[in-house]
Every structure is written in C-alpha cells, then in structure tokens.
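A short write-up of the structure that comes next.
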There are 2 protein chains.
Amino acid sequence: MAGRAGTGKTAESTDRVSVICRALRRAIIEQALEPGAKLPEDSLGERFGVSRTIARHALGQLAAEGLVELRRNRIAVVATPSWQEARDAFDIRIELERLVVRQLAGRLTKAQIAELTAHVDAEDRARDGTDAVSIRLATEFHILLAHMTNSPILVRYVSEVAYRCCLTLSLYSRPHSSECAINEHRAIIAALVKGDAAKAMELMHGHLDSVATRALVAPTPQRGRDLLDILAPYADETGSERVVKLPKAARR
Amino acid sequence: MAGRAGTGKTAESTDRVSVICRALRRAIIEQALEPGAKLPEDSLGERFGVSRTIARHALGQLAAEGLVELRRNRIAVVATPSWQEARDAFDIRIELERLVVRQLAGRLTKAQIAELTAHVDAEDRARDGTDAVSIRLATEFHILLAHMTNSPILVRYVSEVAYRCCLTLSLYSRPHSSECAINEHRAIIAALVKGDAAKAMELMHGHLDSVATRALVAPTPQRGRDLLDILAPYADETGSERVVKLPKAARR
DNA sequence: GGCGCCCGAATTGCATGCAGTTTGTGCCGC
DNA sequence: GCGGCACAAACTGCATGCAATTCGGGCGCC
C-alpha cells in the first residue's frame, strides 16, 4: 500500500563524515551552537579524532544544506539566515509538509501510528526538560512524518528546511519554550489516521504558520541582522557618552 | 516591491570546485553524461587541471544535490533515480514551482518580463538544434523563474529538483524531443504578467504534470532498472544462437 | 585615552603520498 | 569452450605538508 523503493543514503554514511554532520546538526538544532558560532576545521578534526580533510568535508556537506556558511579563507560559521530567508524557508516548508501529509493520509500502518504516538508522548514528557530537547523532538516529529512517505527526496528536503527553520528560531524567536504546540501534532496524527487528507493539510499548514508567525513576529531588526543597520538610528547621538565599540562587539 | 536580501552563494563559488560542478551539471543535463556514467576522481582532476582533492569535493557537492551517487571505495557515478524517485521528484517540483509563480504573479518588472520572453524566444530558436540544448533551455526557464523570486532557498531547491527531473527524463523518456511545450511557457508568463496567481499556478501544475506523465508513462521496466530483470523474459530461449554477453554489455 | 599599523599566530586552500579496497584480466583446471 | 581463481592495475580514503591568507594583539603615534 505504501511501498516504495528508497535507497535512503546518498552521500550520507560515508561514515566519519556523516558522524560529524549528525553531531553538528544536532548541536545546531539544540542551539548549543548559535548562529555565527565559529567552526574551525582542526578544532573539529581534533574533537572527532579525524584529520582536517574529513572535518572539511563535513563542513562542505552542512554548507550544502544551508546550516553552515563557508567563506573563502575564513573560518566556517553556523549560518545566520536573514529574516526574509527565514520567512522563505517557512513558506517552502509549509508546501513540502502539506505534500507529506497528503501522501500519508489514510495510509499509515498500525506500527507507524504507534511510533508517532510514542514520539508525541516523548515530547510531552520532555516538557519539563530543557528547551533544547523540546525543540529537537518537535523538529524530529516532522522529519519522522517525512520518513513515513518512503520518499528519500522528500525526507531530505523536509529535514533540511526544518533544520533551517530551527536555526531561525534560535535567531529571531524569544525563548518562550515549546514553540511547537504538541496538541497540534496530535491533531495532525488524528486527521491522518482518519484518512482526511484535506483536514491534515489544513492542520499542518496552520501549525507551521503559527510557529512561523509566533517566531517571526516582525522583521525585528534588533536581532540577527547587520549591526550597522541596527546602530544607524543611534548614529546621530553625537555628543553623548558611551559610544558603541564597533570592532570589539562585532558578533561574539 | 519585490526586494529581498539574498546572499545567493552558500558554498557555491569556492571557485574551482564550483566550476567543475557547473560543468558536470551541464553535461548531465544535456545528457552527455548518461545515468550510470563513471566519474573517477583523477580523470576529473586531470581534465580540469586540479588535484583529486578538488574533484572529490565537487563530487561531494553533486552527490548532496542528488545528481551523483557516491559509493564507498567505488567510482562515483551519475545517479540513476528509480521510477518512484522520479515520480516523487516531480511531485515536489510541482509544489515548489507553484510557490514560485504564486510569489511572482503580478510582481514582475518590465526587465524581468523581457528576460523571460527572450529566453522563450531562444527556446523557440533552439528547436532545430539538438535535443540536448532544448532540454537545457527548458530547464533553465524554470530556474530563471525561481531566480526572480529573489529567494536563494527556493532557487536552490527548484534547481536541484529540476536537474533531477532532467536526469529521469534521460532515463525513462523516449527521445521525442521538446519535452517542454514552449507555448505553455508563454502562457505562464502571460498569466504572471496579468497578475493572475491562481491561473499561473494551475498552468504551471498542468505543465509539469504533462511533462511528468509524458515522460513517466508507466513504471517502464525496460529502461533504467537492473538489466537482469530486463533480460529475464529472454532467458528461456535456450537452444538459440546469439546468447547475450552479460558482463561485456553492462551499461555504457 | 583612542586610533591605526604591523607582525606573529592561527587558519584555510590545495597537492601529494601511502594504505586499503575494488575492478578487470589473464591463466589454469575442467 | 567455460567457470573460477589469482594477481596486477586502478581507484578511493585519509593524513599530512606547504604556501597563502586572515585574525588578533601589542606597540607607537596622535
């Protein structure tokens, strides 16, 4: 009924490279690594017990996924998407995940339903824990759904874009915890089980839209963008004390 | 009105790596490199005047895009997506490109309209030329549209998935030329200019759907899959002359 | 005290070398 | 002839070395 081919691994599982990728992805998603954080090749290599070659390759992968920014001759850093990029990412994500639930509606096996339910239960349990874990679990719920389509391409795109959205969350969103209403996850599962594709798509749309708007309330120039623009309004305070130290405070 | 940020380059433009990527992408899209074609690192390096390190990195990039298959300790090959993967790619492509035209409807500048028209004219002119060029131009039309959204992420995904679709075309489609009805391109432009988002989305959907179904008529086990399965029906011709030489004729 | 310059340390860009794996081919027994 | 084995060539996986560039701190000058 829901059978597909699915190689599942493209370049993913070159062993050591993918280990590093996974570790970094997770660190980023849990906000242990903030946007802008530096990722020197040999520190990475040393940390994971490999040479720079491998670390470099891993960074290349992550850059291709949009999680890391690679500038020539410069230390790689965790990507800091602009507000508009964040908005675009969410727009794409909405379309992709609507596709996911459309394909999934009424086709979930009992085992899959159980797996989803278990996951959401885990999300509930993690409520008391750190935000980091909640966010990770919420994201993984969406990726888990994508996996169930058995479409490797869809999995890849949903994963990527979900990770990117996480990144923006840590940039533009206040730490108001539990950004993903767990009940909405449950509602989506229910619609899928019932086989109501339209309902599931609508729920998913609403769910993601609310996450997006809750996070990206406004272009909030305060965070994440350019520092010089931020300070522009203050530039004409000529004769005052406490002048900002530009070169020192420039991003961490 | 249609202003956006847009860095445009992620890891793309590490110079030599991206040169190789572009060359290979183009070779693949023009079917000069068939699915399954071998891509040894040092041949590539020699051809482009760089060391294996660079060639390797380029292959990594392309693998991340799904154009190349990287198997451990084996020569990299041009990817050969399964029929189902091809179908999935087209499904995703439809959603993404609907998003593109939705964002673009009524927002095209005069210059952009001119550029699009010029491109379609070029497609028309290329009708007499080789199929390779037609296919490339048709694909580039879609990528050009994506570019006009000023959303780097959207550009990346549309490009990737469009390339993948090209790949499947060369696998599963007969060489019936002009796979992309040029008139449909013109119609889409017209709808965009008129600002009729719904119409443009519908046209784009129909356009891609027709391309997909024209190409992917059926699971066609004849091409692209497994050779042994293909030859199975012929296997019982026991006592005849001219037995197929398996190991020699294997692809290429 | 603040600002800019300069130089050493840190870091990347890239090629090459070596070890391990795969692939292809010729040879031998049947 | 035909199938299998073994060896050699080809190729990848990875680390390391060297040159070029950037980063950061200290020093002198204003």
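A note on names: the letters A, B, ... follow the listed sequences, proteins ahead of strands, and every chain is numbered from 1.
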d([atom1], [X]; [atom2], [N]) in whole Å:
X: A:L59; N: C:dT11; atom1: CG; atom2: C1'; value: 13 Å
X: B:I54; N: C:dG13; atom1: CD1; atom2: C1'; value: 7 Å
X: A:K38; N: C:dA10; atom1: NZ; atom2: P; value: 13 Å
X: A:D15; N: C:dG20; atom1: CG; atom2: C1'; value: 14 Å
X: B:L70; N: C:dT22; atom1: CG; atom2: P; value: 15 Å
X: A:H57; N: D:dC14; atom1: NE2; atom2: C1'; value: 12 Å
X: B:R74; N: D:dA9; atom1: CZ; atom2: P; value: 22 Å
X: A:L39; N: C:dA10; atom1: CG; atom2: P; value: 19 Å

Any idea which of D:dT22, D:dT12, C:dT11 is nearest the A:N73 side chain?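 The nucleotide sitting nearest to the side chain is D:dT22.
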Not counting sequence neighbours, which residues clear ring-ring contact (aromatic ring centres under 6.0 Å, His included) with B:Y163? List them please.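 By the ring-ring contact (aromatic ring centres under 6.0 Å, His included) rule, B:Y163 matches no residue at all.
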Holding to ring-ring contact (aromatic ring centres under 6.0 Å, His included), I want the full list of residues that pass it with A:F48, two or more places apart in sequence or in another chain.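 ring-ring contact (aromatic ring centres under 6.0 Å, His included) check on A:F48 returns nothing, list empty.
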What residues in residues 40-53 of chain A put a non-hydrogen atom under 4.0 Å from any atom of DNA chain C?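 Heavy-atom contacts with DNA chain C come from A:P40, A:E41, A:D42, A:R52.
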Are side-chain heavy atoms of B:D91 and A:Q103 found at a separation under 4.5 Å?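 Yes. Closest side-chain heavy atoms under 4.5 Å.
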Which residues satisfy the salt bridge (Lys or Arg N to Asp or Glu O under 4.0 Å) test with A:E160, sequence neighbours excluded?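 Only A:R156, B:R156 meet the salt bridge (Lys or Arg N to Asp or Glu O under 4.0 Å) criterion with A:E160.
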The criterion is salt bridge (Lys or Arg N to Asp or Glu O under 4.0 Å); which residues satisfy it with A:E41, sequence neighbours excluded?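 A:E41 satisfies salt bridge (Lys or Arg N to Asp or Glu O under 4.0 Å) with A:R52, A:R56 only.
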How would you list, by chain and number, every residue that makes a side-chain contact (heavy atoms from CB on, under 4.5 Å) with B:T53, sequence neighbours excluded?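 Per chain and number, B:T53 pairs via side-chain contact (heavy atoms from CB on, under 4.5 Å) with B:S51.
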